[in-house]
A.B. asks: 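If you scroll down you'll find the structure; I have some questions about it.
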There are 2 protein chains.
Amino acid sequence: MRPEEFDLVGSVSLIAAAAEEHRPQLLRGAFLQRFPAHVELIREGEPPDFLHIVVEGQVELFSRYRDRETTVGVLGPGSSFILAAVVLDKPYLKSARVLSSARILMVPSEAIRAIFDIDAGFARALTRELAQAYRGVLKELKNQKLRSSLERTAAWLVRFNAETGGLNQFDLPFDKKVLAGRLGIAPEVLSRTFVTLQSYRVRVAGRRIHIEDLASLTKLASPDNLIDDPLA
Amino acid sequence: MRPEEFDLVGSVSLIAAAAEEHRPQLLRGAFLQRFPAHVELIREGEPPDFLHIVVEGQVELFSRYRDRETTVGVLGPGSSFILAAVVLDKPYLKSARVLSSARILMVPSEAIRAIFDIDAGFARALTRELAQAYRGVLKELKNQKLRSSLERTAAWLVRFNAETGGLNQFDLPFDKKVLAGRLGIAPEVLSRTFVTLQSYRVRVAGRRIHIEDLASLTKLASPDNLIDDPLA
DNA sequence: TTTATATCTTGATATTTATCAAATTGCAAA
DNA sequence: TTTGCAATTTGATAAATATCAAGATATAAA
């Protein structure tokens, strides 16, 4: 890696948690690589060679089964993925593909495990990250099982709105197709959901969303910190 | 705790992972307590006072939202729960109730966090446990999103059968109502699912299950190690 | 611009799952 | 045993979501 890349990488919280003297070892076999959209970064079932950290762009996590596919998450800068597989040295449970052109930091799994064993601060950070990831999936499971697709959509809109300044208007950060996956519904259903949301005074024009009655949408969504996770 | 209780507790893998000299500190404020069925052990939203470990009996993990409720897991002896909340010192995301009379080991959260900070072996064990828990929920999320209720039921039967000796006959370990919750369906749907499974030569009599054509059931279930988790 | 292609929407319909109500069965305490 | 309650089953129906097939629209490359 080039020097300026080290700076960039040092700002990744997990790496920053490692003691200064361990960082070189952690980054020795690491790559910071740029990938175009659609590239499949990892494939479920494969052994974990690298811990992946999104530095720039967006990555979709998904899983295939028979002839089906489902999205299990969408990540932005700062998020790592497949940490659990790396820790346990077990096969990936999910695949990942690049949505919009992305830069990914790839750190060799053995390095992660090695530093984990000798650097308590790094171990703590990693464990915290894992604990947060755990809570993230659990929340998503609850979101799926306890809410209807209309409610999930409303909750996502309310959350995204809040996290982008609460201006009550914003652009969707990805294709509606991807949002549908993120929400666990078919794209057609999302389309119809947006139609239904008109009666809650949500206006949709292409990627542009206007929330004209936040109170009403919020009432529908029933946001709940025990279900809704920060969008990363 | 009484001496024989220390033995019992020492066999819990997480506790066993702590260095000998740290065990007393870990167990100083701990309780090993017996609870009757139906007791609610923890309630989502509350701050994490204790890490809970099932020593005997069964515990159902569930979550409420509005007027709904969903099961997020059923645990047996050896399993801990709410580890992530303890590590992060954040509110529980799920509630827990006793199914069949149970003995629960409750270890104060601060003790867990304190030993975590000074005992690398314990920290490693805890992190591994967390990583496994993460993979467990992720698998459950995939199970829910990628399989129909019929397939989930078939997969559960195939898995349970395999883990109880592969005899192709066994008793359900809990009420059908609880199994329905575990599978994420209404009890009425489970009833009908069992009727449908007759054409796969599954016979149900009360709690007794006979699998008369494992191949056919297995074909329906498409077991997959990236989805099906050991039942613990 | 123009065109090719993918995304998005809409209509029609099928599947899946939930809900409600009413038996029925099982089981445990008296 | 008998009684009473909870669990389970079954029928009827509703609600939620998926699927398939066109169109319509947007977007990016030429």
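Chain identifiers are assigned alphabetically (A, B, ...) following the order of the sequence lines, protein sequences preceding nucleic acid strands; residue numbering begins at 1 within each chain. These figures come from a predicted structure and were not determined experimentally. Keep in mind that the numbers below use all heavy atoms, side chains included, and drop hydrogens, waters and symmetry copies.
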A.B. asks: Evaluate the criterion salt bridge (Lys or Arg N to Asp or Glu O under 4.0 Å) for residue pair B:Asp171 and B:Arg208; output intermediate values, then yes/no.
C.D. replies: CA-CA 5 Å; B:Asp171 284 321; B:Arg208 193 78 189 159; 3.3 Å; yes
A.B. asks: Return the residues of residues 169-176 of chain B meeting this criterion: a heavy atom under 4.0 Å from some atom of DNA chain D. Order them by number, or give none.
C.D. replies: B:Asp175, B:Lys176
A.B. asks: Just checking, any donor-acceptor pair under 3.5 angstrom between side chains of A:Glu129 and A:Ser80?
C.D. replies: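 A donor-acceptor contact under 3.5 Å links the two side chains.
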A.B. asks: Listed by chain and number, what are the salt bridge (charged side-chain N to carboxylate O under 4.0 Å, His left out) partners of A:Lys145, not counting sequence neighbours?
C.D. replies: none
A.B. asks: What is the distance, rounded to the nearest whole Å, between atom CZ of A:Arg68 and atom C1' of C:dT16?
C.D. replies: 12 Å
A.B. asks: Go through the structure and list residues passing ring-ring contact (aromatic ring centres under 6.0 Å, His included) with B:Phe170, not counting sequence neighbours.
C.D. replies: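 Expected list: B:Phe160.
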A.B. asks: Would you check if B:Asp224 and B:Arg147 make a side-chain contact, meaning some heavy-atom pair closer than 4.5 Å?
C.D. replies: yes
A.B. asks: Just how far, in rounded Å, is C1' of C:dG26 from NZ of B:Lys177?
C.D. replies: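 Checked: the NZ to C1' distance equals 14 Å.
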A.B. asks: When you look at B:Asp175 and B:Arg207, which way does the salt bridge (Lys or Arg N to Asp or Glu O under 4.0 Å) test go after all the steps?
C.D. replies: CA-CA 8 Å; B:Asp175 285 353; B:Arg207 284 204 172 189; 2.7 Å; yes
A.B. asks: Among residues 199-208 of chain B, which ones have heavy-atom contacts with DNA chain C below 4.0 Å?
C.D. replies: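 Hits under 4.0 Å, by residue number: none.
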A.B. asks: Could you walk me through whether A:Arg97 and A:Glu69 pass salt bridge (Lys or Arg N to Asp or Glu O under 4.0 Å), step by step?
C.D. replies: CA-CA 13 Å; A:Arg97 71 165 71 95; A:Glu69 177 180 317; 2.9 Å; yes
A.B. asks: Please list, in 5' to 3' order, the outermost nucleotides of DNA chain D lying under 4.0 Å from any heavy atom of chain A.
C.D. replies: D:dT17 to D:dC20
A.B. asks: Once the angle between the rings of A:Phe50 and A:Phe31 is folded into 0 to 90°, is it parallel (under 30°), tilted (30 to 60°) or perpendicular (over 60°)?
C.D. replies: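 The arrangement is perpendicular - the two ring planes meet at more than 60°.
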A.B. asks: Scan A:Leu190 against the nucleic acid and name what it touches under 4.0 Å (heavy atoms): base, sugar-phosphate only, or nothing.
C.D. replies: nothing
A.B. asks: For B:Thr193, check side-chain hydrogen bond (donor to acceptor under 3.5 Å, both in side chains) against everything at least two apart and list the hits.
C.D. replies: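 Testing B:Thr193 for side-chain hydrogen bond (donor to acceptor under 3.5 Å, both in side chains), a comparison that skips the adjacent residues, returns none.
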A.B. asks: Quantified as the angle between the terminal helix axes (five pairs each), what is the overall bend of the helix from C:dT1-D:dA30 to C:dA30-D:dT1 to 10 degrees?
C.D. replies: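 The end axes of the helix from C:dT1-D:dA30 to C:dA30-D:dT1 are about 50° apart, to the nearest 10°.
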A.B. asks: Answer yes or no: are there more than 12 heavy-atom neighbours, outside B:Arg64 itself, under 6.0 Å from its atom CZ?
C.D. replies: yes
A.B. asks: Identify every side-chain donor-acceptor pair in residues 180-192 of chain A under 3.5 Å, counting partners at least two apart or on other chains, and give the distances.
C.D. replies:
| from | atom 1 | to | atom 2 | distance (Å) |
| --- | --- | --- | --- | --- |
| A:Arg182 | NH2 | A:Glu140 | OE1 | 2.4 |
| A:Arg182 | NH2 | A:Glu140 | OE2 | 3.4 |

A.B. asks: Once you round to the nearest 0.5 Å, how far does CZ of A:Arg201 lie from CG of A:Asn168?
C.D. replies: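 Separation between the atoms: 11.0 Å.
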A.B. asks: Could you work out, with ring-ring contact (aromatic ring centres under 6.0 Å, His included) as the rule, every residue matching B:Phe81, not counting sequence neighbours?
C.D. replies: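 For B:Phe81, the residues satisfying ring-ring contact (aromatic ring centres under 6.0 Å, His included) (neighbours in sequence not counted) are B:His52.
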A.B. asks: Suppose the criterion is salt bridge (Lys or Arg N to Asp or Glu O under 4.0 Å): which pairs have a residue in residues 153-165 of chain B, not counting sequence neighbours?
C.D. replies: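 Listed by first then second residue: B:Arg159-B:Glu163.
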A.B. asks: Could you verify whether a donor N or O on one side chain and an acceptor N or O on the other, from A:Ser222 and B:Arg66, lie under 3.5 Å apart?
C.D. replies: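 Result is yes, a qualifying pair exists.
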A.B. asks: Start with the C-alpha distance between A:Lys94 and A:Glu40, add both sets of side-chain angles, then the distance that settles salt bridge (Lys or Arg N to Asp or Glu O under 4.0 Å), and finish with yes or no.
C.D. replies: CA-CA 11 Å; A:Lys94 51 197 176 192; A:Glu40 199 163 315; over 6 Å; no
A.B. asks: Please determine if B:Glu212 and B:Arg203 form a salt bridge, counting it only when a charged side-chain N lies under 4.0 Å from a carboxylate O.
C.D. replies: yes
A.B. asks: Report all interatomic pairs (protein N or O, nucleotide N or O of nucleotides 10-15 of chain C) with separations under 3.5 Å.
C.D. replies:
| from | atom 1 | to | atom 2 | distance (Å) |
| --- | --- | --- | --- | --- |
| C:dG11 | N7 | A:Arg192 | NH2 | 2.1 |
| C:dG11 | O6 | A:Arg192 | NH2 | 3.2 |
| C:dA12 | N6 | A:Arg192 | NH2 | 3.4 |

A.B. asks: Could you list by number each residue of residues 140-147 of chain B showing a heavy-atom separation from DNA chain C of less than 4.0 Å, or answer none if no residue does?
C.D. replies: none
A.B. asks: Is any side-chain heavy atom of A:Lys139 closer than 4.5 Å to one of B:Leu93?
C.D. replies: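 B:Leu93 reaches A:Lys139 side chain to side chain.
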